[in-house]
Amino acid sequence: MPHIARPDDNDRGERDRLDEPFDVALGERSPAEQRERATQRLAALGEMTGGIAHDFRNSRAAFEI
């Protein structure tokens with residue numbers, strides 16, 4: 001089967017190493033990587049909900065004056 005060049009192939013027709021992490025399926029991640037990603041998602045969710053609560057308090061305070 002002939003090799004079809006892709007935009008991310010290097011001069012030798014090989015895939016660049018920088019693209020490898022993006023090719024890994026979620027099921028192929030190590031347990032430590034899965035825990036790290038879950039931790040990052042929870043941290044992002046916490047920051048988002050904190051921001052929403054802050055905005056809600058500010059808008060509610062504007063109506064109490």
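Note that the structure is predicted; figures quoted are calculated from it, not measured. Note: hydrogens, waters and symmetry copies are ignored here, and every other heavy atom, side chains too, is used.
Under the side-chain contact (heavy atoms from CB on, under 4.5 Å) criterion, Leu45 pairs with Met48, Thr49, sequence neighbours left out. Applying the side-chain contact (heavy atoms from CB on, under 4.5 Å) rule to Ala32 yields the partners Ser30, Arg35; only residues at least two apart in sequence or on another chain are considered. In terms of the side-chain hydrogen bond (donor to acceptor under 3.5 Å, both in side chains) criterion, Glu47 has no residue partners (sequence neighbours excluded).
Between Arg29 and Gln34 the shortest heavy-atom distance is O-NE2, 3.4 Å.
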Donor-acceptor list for residues 50-59 side chains, cut-off 3.5 Å, not counting sequence neighbours:
from  : atom 1 : to    : atom 2 : distance (Å)
His54 : NE2    : Asn58 : ND2    : 3.2
Ser59 : OG     : Asp55 : O      : 3.3
Ser59 : OG     : Phe56 : O      : 2.9

